[in-house]
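A quick write-up on the structure given underneath.
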Number of protein chains: 2
Amino acid sequence: MIPKRSKYAIQALKCLAKVYRDKKHLSIATIAEQEHIPRKFLEAILLQLRNGGMVGSKMGANGGYFLVKHPDEIVLSSIIRATGGPIALLPCVSLNFYEECIECPHEELCGLHDVMLEVREASIHILSKTSLADLILREKKLARKAESKRK
Amino acid sequence: MIPKRSKYAIQALKCLAKVYRDKKHLSIATIAEQEHIPRKFLEAILLQLRNGGMVGSKMGANGGYFLVKHPDEIVLSSIIRATGGPIALLPCVSLNFYEECIECPHEELCGLHDVMLEVREASIHILSKTSLADLILREKKLARKAESKRK
DNA sequence: ATAATATCCTACTTATCCGATAGGAATAAT
DNA sequence: ATTATTCCTATCGGATAAGTAGGATATTAT
């Protein structure tokens, strides 16, 4: 499981992506309210994303946050990583939280390691081909589908 | 990430799978030593697996644990589930640890939910086609590969 | 029978991490 | 100035995971 932190980050960035072309910025409070995220917690998360170079900020009254890259270029896997969320199911197959198993004499001979690598690759494949723009597009499709179903 | 508990469970069951055809059983102590798992912890895990009907046990001196099903029929996903390990990356797409997001008005309209479902399906697909027998087979292949590489 | 060897069962400890909060300093717009 | 906002550090409480303790119960071997 990825931490809530990562999920909140994705939601927040999705909000920012929606106003990207208008070159608008959004305040923490606005995003927090829109997405039902605890305000102070979101503050910490956005700060982390900013220090990681994923978003920009404008201080002072009428300030806020904005994306520094196009929503097409920001993919889910990098958001998860930037917020400290592990994707792999085991430490020994994690790129960012790697830890070797004491019990494995040779990692390259471990069958479980091998399988878990496959799982990781499959997950990362999906998560790094899906951008914020894709996410928004997906929601539009889902809305249309629900609409046509309701009739 | 899945808990260590689940990983230990897989290792232990792999041991039992290796002696399955000889209708042997192994004691906790034996497995613990072989796999470098804390003895008492393994005890708790095997007990859980037994109560879940995945393994059988024989009490008393010269007792131990054994598989009740063929190693072909025991897949990784069910071991992970039996030991309380989540496979999904978010609670809202988890089969066994489902929790709805307060922030999502309609789950069916959430793009993230949609993507995470895909990730879950991909992971489960791999984990439920891989059995203990496959795991052992994989290790044999890896060993052969390493052998031919060493030359 | 008795001793030795196992599993069974419940409860506990301990450490770590996660989610969330507090409080104020710095900065910019009006 | 006042107000709105980000920036920064520190902290708290609760949950969960990993591992431990100790004894009850069952079986085998001698």
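Numbered from 1 within each chain, the chains take letters A, B, ... in sequence-line order.
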**Asked** Taking the side chain from B/His25 and the backbone from B/Asn62, do they hold a donor-acceptor pair closer than 3.5 Å?
**Response** yes
**Request:** Determine whether more than 12 heavy atoms belonging to other residues, nucleotides or ligands lie under 6.0 Å from atom NE2 of A/His70.
**Result:** yes
**Asked** Can we say B/Glu118 and A/Arg138 salt-bridge, meaning some charged N sits less than 4.0 Å from an Asp/Glu carboxylate O?
**Response** yes
**Asked** Under 3.5 Å, side chain of B/Asp134 to main-chain N/O of B/Ser131, donor-acceptor pair present?
**Response** yes
**Prompt:** Going by an N to O cut-off under 4.0 Å, is there a salt bridge joining A/Lys40 and A/Glu43?
**Reply:** yes
**Interface residues of residues 22-42 of chain A with DNA chain D (non-hydrogen, below 4.0 angstrom)** = A/Ser27, A/Ile28, A/Arg39, A/Lys40
**Complete:** Contact span of DNA chain C against chain A, any nucleotide atom under 4.0 Å from a heavy atom, 5' to 3', runs C/dG19 to C/dA29
**Asked** If you measure from CG on B/Leu135 to CD1 on B/Ile79, what distance do you get to the nearest 0.5 Å?
**Response** 8.0 Å
**Request:** Calculate, to the nearest 0.5 Å, the distance between atoms OG and CG belonging to A/Ser57 and A/Asn51 respectively.
**Result:** 9.0 Å
**Request:** Spell out, as yes or no, whether a donor-acceptor pair under 3.5 Å connects the side chain of A/Arg5 to the backbone of A/Gly84.
**Result:** no
**Request:** Identify the 5'-most and 3'-most nucleotides of DNA chain D with at least one atom closer than 4.0 Å to a non-hydrogen atom of chain B.
**Result:** D/dA18 to D/dT28
**Prompt:** Taking for each residue the nucleotide of DNA chain C with the nearest heavy atom, is it B/Arg50 or A/Ala61 whose nucleotide lies nearer the 5' end?
**Reply:** B/Arg50
**Message:** When you measure from the side chain of B/His113 to the backbone of B/Cys92, do you find a donor-acceptor pair of N or O atoms at a distance under 3.5 Å?
**Reply:** yes
**Asked** So how far is it from B/Leu137 CG to B/Leu142 CG, rounded to the nearest 0.5 Å?
**Response** 10.0 Å
